[in-house]
Amino acid sequence: MGSGSWSTNVYDAAERYRSASGASAFAYSDRVKHTSPRSGWTAHPSLDPHGLTTRESRDSAEHPTSLAISVLFDVTGSMGSVPRVLQTKLPELFGLLLRKGYTEHPQILFGGVGDATCDRVPLQLGQFESDNRMDEQLGNILLEGGGGGQMTESYELALYAMARHTSLDCHEKRGRRGYLFLIGDEMPYGKVKAREIRGVLGDRVQRDIPLPEILAELRRKFHVFYILPTGAAHAGNTEVLTLWRRLLGQNVIELDDLDAVCETIALTVGLGEEAIDLAEGLADLAEVGSTAGPSVARALSTLAR
Amino acid sequence: MHTAVVDLGYGDAGKGAVVARLCQERTVTAVVRFNGGPQAAHNVVTADGRHHTFAQFGAGTLHGTPTHLSRFMCVDPLALAAEADHLRALGVPAPYALLTVDRDARLVTPYHAAANRLRERARGADRHGSCGMGVGETAAYALAHPDDAPTAGDCASRPRLLRKLRLLRDRLTDDLGPLAAPPVEDCAAAFGAFADAVALTDETHLRRLVRGGPLVFEGAQGVLLDEWHGFHPHTTWSTTTFAHADTLLAEAGAPGPARRIGVVRTYTVRHGPGPHVTEEPELAAALPEPHNGHGRWQGAFRVGHFDAVAHAYAVEVCGGVDALALTHLDAPPRCPALRICHGYAIGGQLVERLPVGAPGDLDRQAALTRRLLGAHPAVWSTPDHWPTAVGALLGAPVVMESHGPARQVLTGATVG
């Protein structure tokens with residue numbers, strides 16, 4: 001018979017799970033939500049967009065050809081598990097991008113999107129990072145929860161911030177656009193409201209900006225994708241899909257397995273950088289032991305054409 | 001094509017190395033564990049020298065292959081946490097992200113382990129060779145109280161878990177007296193943390209995995225310890241043949257059977273008491289065992305010559321194998337005394353084949369055990385080429401040869 005040699009101490013185990021669990025990875029969120037009333041919730045200082053100057057993706061001696069990749073996700077109720085999945089799969093996303101040579105020097109920014117009309121923390125934006133500081137940022141995101149009902153979130157405010165408050169070397173020096181992924185299951189509001197820009201970011205803006213206008217600005221810098229997980233609350237909702245398709249065309253990705261979100265992002269970048277075709281990307285996924293292949297294949301079939 | 005790997009001996013033949021090798025070679029979607037529990041000890045040494053004793057994680061983990069613990073597994077969340085920590089120390093960044101657990105898998109608790117030790121101690125000199133971790137106790141309790149036995153899925157519901165743990169502790173205490181185990185609330189806290197850390201799945205998960213690509217079914221223990229076909233009572237509370245792997249594949253709607261690989265060493269080992277006809281204590285000095293020691297609850301690690309009679313019996317009870325993996329091929333050159341035993345002398349008669357009975361007849365198995373305890377090796381050979389000789393005796397080609405802990409060689413074009 002075999003001889004398992006692993007300790008079965010109940011107290012060790014509890015501590016081990018605590019130190020490895022998703023809960024402690026989002027320590028800021030857990031602490032804020034357990035220690036203060038909803039009215040007192042604020043974004044972590046490192047992610048607070050108020051007074052935001054510029055989020056920069058810069059080349060360096062170590063990373064001479066940076067490529068900006070932004071991942072902004074809905075942090076309200078139905079989508080609360082997205083950041084936790086991202087956190088556990090971050091090494092895989094990075095591993096795929098780097099080891100498979102999809103791009104040499106990715107710099108990743110994470111952000112959270114809520115609803116400026118009712119949430120305490122409608123927008124959170126990290127920095128572009130090329131190492132495990134990304135992990136820390138993810139850990140500082142406040143997962144507000146709640147939300148739901150009205151089928152709209154303030155994506156437009158996030159798009160505004162990314163259009164007006166980022167500076168990318170890949171774009172400015174080399175004329176290559178970065179990548180921006182929005183992950184959510186709801187619709188944006190039709191315009192960026194000046195009042196909300198002033199309140200959330202502190203910019204002195206006098207007029208509302210129509211959504212198509214800010215999107216056009218943003219798309220000069222970024223390839224913009226919207227990922228709609230079909231397990232989410234409004235999954236397959238034709239109104240949500242139709243609106244995003246009208247805005248982004250084929251860059252709307254329907255994903256039937258939320259766990260496959262990292263792989264989907266990696267392959268989308270690989271396809272965009274023309275490092276792979278879809279078949280090669282799927283072979284790479286299989287090689288690294290990912291089970292996401294079939295879901296990713298379905299999600300990206302339209303992009304790959 | 002899916003592959004299932006079982007040990008044709010008493011365990012410790014080298015399933016871990018074989019599974020790890022398959023995960024390195026092929027685009028394996030996941031390793032599925034289909035029997036046993038935390039008492040498994042599948043040692044894997046990588047080419048860069050990292051060593052891990054896999055117990056609940058699949059032996060492909062160091063290659064990044066995910067593991068699924070099927071409903072036939074007994075899961076010990078406490079031991080799992082320690083194993084995960086060691087994997088992290090070996091450079092697996094997020095071991096829990098590589099693990100899925102069927103909600104119906106039985107939970108091994110400290111109460112089962114405490115009861116197991118009390119019972120084994122009460123047996124005195126007639127010990128069964130249990131590992132003292134409570135896996136048999138878990139299986140026994142689940143048979144006696146199918147609705148009350150805690151499962152992995154229960155860990156996600158504290159009230160339900162508390163109710164089942166209290167009932168379990170109280171019943172075992174009534175039987176055996178006070179158990180040396182922590183309070184129920186403390187267990188529930190650790191088990192709840194387990195449920196938060198790993199993905200608990202239902203039966204649809206295996207269906208998805210099966211469609212996703214080739215799977216490797218990693219067996220635990222060995223066919224000669226099988227609960228129905230082993231040498232009773234020195235067996236395990238687990239079906240160690242391919243039966244559960246076949247069942248899972250059928251439930252998942254997989255087309256066609258899996259390739260069945262049987263694993264044997266160039267010499268036969270047994271950890272703990274029970275028949276071991278070819279045992280030769282002098283071999284133990286020539287063939288030291290780096291990863292298997294004298295177990296406190298299990299007893300000695302016993303080494304003997306290659307027992308073709310017992311292994312052929314194992315092949316027969318599990319319905320045949322498609323291929324063999326022969327491990328420890330570095331041993332014959334180091335230890336030229338190693339031989340193959342083809343026949344036993346039992347009560348003055350030559351026995352070259354052990355009769356296979358229908359599963360479930362433990363009296364018959366106990367009678368077989370008594371005969372084996374009086375058996376002596378009678379017919380020997382020393383092979384020129386071990387893989388050819390073993391393949392001929394067990395009726396299947398050797399497709400994988402392993403020489404030493406970190407060197408496994410695929411020899412057959414049929415694997416891969």
Side-chain angles (χ1 to χ4, degrees), chain A residues 1-26 30 81 84-96 99 132 135 138 231 256-260 262-263 282-298, chain B residues 10-12 23 27-30 36 38-42 53 55 60 63-66 76-86 88 93-98 110 113 129-131 133 182 186-187 189-190 193-194 196-197 199 208-209 211-213 220-221 225 236 271-272 292-293 295 298:
Chain A
M1 297 189 192
S3 59
S5 56
W6 303 111
S7 148
T8 54
N9 185 303
V10 65
Y11 304 103
D12 281 359
E15 182 52 40
R16 286 181 159 124
Y17 281 119
R18 259 197 300 280
S19 68
S21 75
S24 67
F26 292 90
D30 295 340
S81 62
R84 295 194 192 265
V85 171
L86 277 172
Q87 202 269 337
T88 57
K89 299 201 122 191
L90 200 55
E92 288 167 52
L93 169 61
F94 229 43
L96 266 175
R99 263 184 293 128
N132 58 8
D135 219 1
L138 214 42
D256 59 23
D257 180 1
L258 200 47
D259 286 351
C262 278
E263 290 90 337
L282 294 172
D284 289 342
L285 287 185
E287 191 188 317
V288 300
S290 166
T291 55
S295 292
V296 176
R298 285 188 291 276
Chain B
Y10 301 102
D12 299 307
C23 289
T27 54
V28 174
T29 297
Q39 84 283 36
H42 300 172
T53 303
H63 296 298
T65 309
D76 183 338
L78 308 183
L80 186 77
E83 189 182 353
D85 267 16
H86 187 252
R88 204 178 291 115
Y96 297 117
L98 289 174
S130 158
C131 298
M133 297 183 73
D186 293 346
C187 280
F194 156 77
D196 289 341
R208 267 212 308 273
L209 282 182
R211 288 201 310 267
Q221 301 161 309
L225 298 171
T236 178
H271 205 168
N292 288 298
Q298 251 181 310

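A, B, ... follow the sequence lines: proteins, then strands. Residue 1 opens every chain.
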Name the member of Gly213(B), Pro77(B), Gly60(B) that forms the most heavy-atom pairs with chain A at distances under 4.5 Å.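 Most heavy-atom pairs within the cutoff with chain A belong to Pro77(B).
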What are the two closest non-hydrogen atoms of [X] and [Y], and how far apart are they?
{"X": "Pro294(A)", "Y": "Gly212(B)", "result": "CG-CA, 4.3 Å"}
{"X": "Tyr17(A)", "Y": "Ala190(B)", "result": "CD1-O, 3.8 Å"}
{"X": "Thr8(A)", "Y": "Leu78(B)", "result": "O-CD1, 3.1 Å"}

Sort out for me which of Asp12(A), Leu285(A), Val10(A) touches chain B most, counting heavy-atom pairs under 4.5 Å.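 That would be Val10(A).
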NE2/His86(B) to CZ/Arg16(A) distance, rounded to the nearest 0.5 angstrom?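 Those atoms lie 11.0 Å apart.
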Contact origin within Asp186(B) toward chain A - heavy atom pairs under 4.5 Å: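 When you check distances to chain A, atoms from both the backbone and side chain of Asp186(B) fall under 4.5 Å.
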Side chain, backbone, both or neither: which part of Pro95(B) has a heavy atom under 4.5 Å from chain A?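 Pro95(B) has no heavy atom closer than 4.5 Å to chain A.
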